[in-house]
There are 2 protein chains.
Amino acid sequence: MIPTLQTIADRVNVSRSTVSRVLNNKWKMYGISQATADKITSLAKELHYLKNEAARSLREKKTFTIGVIVRDITNPFYSQLVKFVESALYSKGYTIIICNTGYDLDRENGHINVLLSRRVDGIILSPIQKSIENIFKIKDRNVPLALFDCKIDDLEADYILVDNEAGTMEAVSYLIDQGHKKIVYIGGNPYDSNNRLRYAGYRNSLSLASISIPDHYVKHGNYSFKHGYEAATQLLRSNDVPTAFFAANNRIMLGACKGIMDCGLQIPDDISIVGFDDFETATMLPSPLTVIRQPLREMALNAVDLLLSRIEKANNIPYMTSMLKTEFVIRNSTKNLN
Amino acid sequence: MIPTLQTIADRVNVSRSTVSRVLNNKWKMYGISQATADKITSLAKELHYLKNEAARSLREKKTFTIGVIVRDITNPFYSQLVKFVESALYSKGYTIIICNTGYDLDRENGHINVLLSRRVDGIILSPIQKSIENIFKIKDRNVPLALFDCKIDDLEADYILVDNEAGTMEAVSYLIDQGHKKIVYIGGNPYDSNNRLRYAGYRNSLSLASISIPDHYVKHGNYSFKHGYEAATQLLRSNDVPTAFFAANNRIMLGACKGIMDCGLQIPDDISIVGFDDFETATMLPSPLTVIRQPLREMALNAVDLLLSRIEKANNIPYMTSMLKTEFVIRNSTKNLN
DNA sequence: AAATTTTACGCAATCGATGGCGGAACTTTA
DNA sequence: TAAAGTTCCGCCATCGATTGCGTAAAATTT
């Protein structure tokens with residue numbers, strides 16, 4: 001039998017209340033004697049007593065649980081996020097429930113229902129652009145929510161973002177400075193806010209340099225290896241081969257690199273490439289990749305801080321957006337054409 | 001205010017019991033009229049009623065929660081595991097709590113306490129070799145447990161493993177068949193069961209071929225990029241350069257590859273390498289890596305099946321070990337010396 | 001019309017922990 | 001020795017959902 005407060009109370013001949021007070025370190029303010037406290041403490045240890053969190057949660061209306069909903073846990077971007085978030089929350093006594101949506105709206109919805117049903121204290125969500133209905137379910141219940149890595153149009157909320165446009169401009173301008181004019185944009189889902197902003201940055205940079213963009217230099221699609229691969233190979237085998245690629249995320253970039261290799265070309269000698277997200281493989285290729293790094297650790301910590309301040313202080317503070325700067329990490333995947 | 005059963009009961013003028021029965025689809029067996037049932041169902045929908053899981057768990061002594069404790073969530077091996085486990089459990093109505101230990105025993109212990117306190121229905125644990133005390137805490141409470149990716153000496157439990165020794169022998173024998181005699185073992189933590197078995201396989205293969213192993217060809221250490229890198233560079237710069245490396249896991253293998261590249265050498269022309277775990281980057285290098293793949297999906301599903309059968313059927317069945325075969329994936333990272 | 005059956009629910013205990021309020025027992029003070 | 005403090009702790013309601021047992025009211029049978 002698993003011991004409860006009552007088990008201990010019976011053995012020490014006191015009431016549940018007393019045991020509860022002792023085990024919660026409140027016995028002094030309730031004037032419980034040292035002797036009683038000691039007896040209770042040691043018996044609890046002996047019996048390996050562990051508080052039933054379900055009961056505590058029910059009574060206290062607080063679960064010390066945070067739901068973390070990501071699009072793809074196998075993407076290093078998210079698995080790192082989870083690691084940082086888990087670590088930060090663990091030290092504050094919180095536990096995380098992981099939900100993987102695989103970019104599926106219904107699944108996201110299902111997960112949100114579960115989290116609300118479990119009365120989580122807060123949610124970190126990396127939504128998909130169409131999540132707005134799902135998000136309203138959370139907002140209606142007044143559950144603290146941090147939206148991560150995606151801005152939803154016209155939706156007021158707490159956001160954790162990076163400056164996608166500026167980050168992209170820095171990278172594309174770098175290409176332009178190196179003399180590139182034929183720069184292809186291989187993007188993710190066209191409706192995704194990140195993709196739109198990165199695309200905007202790309203256009204801005206080229207526009208500032210008065211370089212026009214042929215339609216077939218823009219390849220929206222989705223954030224997958226496959227899309228990167230196909231877009232790259234198709235262009236490299238066309239009769240208007242670009243000199244550089246911009247990849248909208250790590251998956252696309254990797255796919256594009258593979259495509260380039262499969263076409264028998266070398267980075268950076270035959271073709272240049274830069275893109276979003278830093279990842280380990282980027283440093284492993286023969287020519288390490290120049291990338292735009294997102295400050296993941298800071299983003300994770302900001303998300304946690306934001307949530308905890310709403311949870312533990314007040315939830316009626318105005319919405320905040322944490323917009324961090326990206327870092328342009330120059331390695332060796334671009335060629336200077338000048 | 002968040003609606004409860006009572007909220008609905010009051011509005012429909014019935015008792016909590018009736019509402020509960022209707023919402024749990026048990027109203028027929030309790031002879032509740034269709035009319036009442038309909039009123040309740042639609043009101044619940046209108047109010048966006050969501051059952052309080054803490055209350056349900058408390059009463060039912062079942063949480064529909066599984067704890068998943070991994071050593072390093074950012075290792076693709078574990079993030080894939082988590083993905084498969086999450087997906088399988090989601091479809092069965094279970095939720096997972098993620099715990100990352102970072103190979104730290106105290107942290108593992110802390111996480112186990114939290115999970116037990118939350119009365120999870122089961123735990124999937126990828127332990128470290130010294131976890132035995134922690135594991136006993138779980139066993140003492142009779143909580144179903146699946147040990148993943150690590151065999152603890154003399155500990156009876158449910159295990160999900162692969163045939164490390166056979167898998168390694170296949171790979172090392174392959175090197176030997178290609179004429180390699182100077183094969184280095186770059187290993188993980190010396191006490192880790194995987195490492196020991198992989199090392200045993202390595203020794204067996206060489207012994208069968210009557211090839212002796214100089215001491216400095218065995219580099220135990222830990223499962224890190226750094227260790228792989230350092231072991232590789234050190235050997236490549238020594239005066240007894242091997243012709244092939246065997247890497248005990250994906251992190252080590254990547255580090256070794258990087259080390260090889262930094263020494264200005266080419267895979268497979270200058271040096272051959274094979275190793276454990278398949279991972280995306282393995283296919284991205286100029287010469288894709290020949291690896292020993294673990295059937296992660298099957299392992300994850302087996303772990304889930306094993307746990308669920310204990311949870312939902314009986315926990316008094318004998319312990320089982322799921323030992324799956326590895327798959328040798330031949331790519332192009334070894335040179336035929338014959 | 002009385003007896004029996006069926007229909008349709010309600011009562012109250014339970015799961016385990018928490019905390020406000022109250023109070024008995026003992027000690028000190030006047 | 002009675003009044004006033006202290007010391008030390010218990011009673012009981014509460015959180016929300018579930019379920020065994022019981023029963024009033026309506027319907028049916030005899």
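Just so it is clear, the structure is predicted and the values come from calculations on it, not from any experiment. Residue numbering restarts at 1 for every chain, and letters A, B, ... go by the order of the sequence lines.
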Legend entry - Residues forming a salt bridge (Lys or Arg N to Asp or Glu O under 4.0 Å) with A:E53, sequence neighbours excluded: A:R56
Inset, instruction - Inspect the surroundings of NZ in A:K62 and state if more than 12 heavy atoms from other residues, nucleotides or ligands are less than 6.0 Å away. - result: yes
Inset, instruction - Output all residues satisfying side-chain contact (heavy atoms from CB on, under 4.5 Å) with A:E133, sequence neighbours left out; order by chain, then residue number. - result: none
Legend entry - Sorted by number, the residues of residues 9-23 of chain B with heavy-atom contact under 4.0 Å to DNA chain D: B:R16, B:S17, B:S20, B:R21
Legend entry - Verdict with reasoning, A:N24 to A:K51, per side-chain contact (heavy atoms from CB on, under 4.5 Å): CA-CA 10 Å; A:N24 286 309; A:K51 180 184 313 199; 2.8 Å; yes
Inset, instruction - For B:K139, look at atom NZ and say whether over 12 heavy atoms of other residues, nucleotides or ligands are found less than 6.0 Å away. - result: yes
Inset, instruction - Take atom CZ of B:R119 and atom C1' of C:dG16, then tell me their distance rounded to the nearest Å. - result: 9 Å
Inset, instruction - Residues of residues 24-36 of chain B with any non-hydrogen atom less than 4.0 angstrom from an atom of DNA chain D: list those, numerically ordered, please. - result: B:N24, B:K26, B:Y30
Inset, instruction - Mark yes when over 12 heavy atoms from residues, nucleotides or ligands other than A:R11 sit less than 6.0 Å from its CZ; otherwise mark no. - result: no
Inset, instruction - Would you grab the first and last nucleotide of DNA chain D (5' to 3') that comes under 4.0 Å of any non-hydrogen atom in chain A? - result: D:dC8 to D:dG16
Legend entry - Atom pair CD/CG of B:Q34 and B:D38 - distance to nearest 0.5 Å: 4.5 Å
What pairs of nitrogen or oxygen atoms, one from the protein and one from nucleotides 27-29 of chain C, lie under 3.5 Å apart?
none

Legend entry - CZ (A:R297) with more than 12 external heavy atoms under 6.0 Å: no
Inset, instruction - Check side-chain hydrogen bond (donor to acceptor under 3.5 Å, both in side chains) between A:E108 and all other residues, then give those that pass, not counting sequence neighbours. - result: A:S131, A:N134
Legend entry - Difference in axis direction between the ends of the helix from C:dA1-D:dT30 to C:dA30-D:dT1, five pairs, 10°: 70°
Legend entry - Given B:D149, B:L306, B:L147, the one that forms side chain to side chain contact (heavy atoms under 4.5 Å, CB included) with B:I160: B:L306
Inset, instruction - List for me each residue that meets side-chain hydrogen bond (donor to acceptor under 3.5 Å, both in side chains) alongside B:S193, sequence neighbours excluded, and say none if there are none. - result: none
Inset, instruction - Could you pull out all residues at least two apart from A:S33 that satisfy side-chain hydrogen bond (donor to acceptor under 3.5 Å, both in side chains)? - result: A:T36
Inset, instruction - Any chance you could measure B:D104, atom CG, to B:I128, atom CD1, to the nearest 0.5 Å? - result: 7.0 Å
Legend entry - Residues touching DNA chain D, which here means a heavy atom under 4.0 Å, drawn from residues 45-60 of chain A: A:L58, A:R59
Legend entry - Non-neighbouring partners of B:Y191 that pass side-chain hydrogen bond (donor to acceptor under 3.5 Å, both in side chains), sequence neighbours left out: B:N189
Legend entry - Under 3.5 Å: donor-acceptor pair, side chain of A:R71, backbone of A:P127: yes
Inset, instruction - Would you please say whether a donor-acceptor pair under 3.5 Å links the side chains of A:N302 and A:E298? - result: no
Legend entry - Polar side chain donor-acceptor pair, A:D192 to A:Y223, under 3.5 angstrom: yes
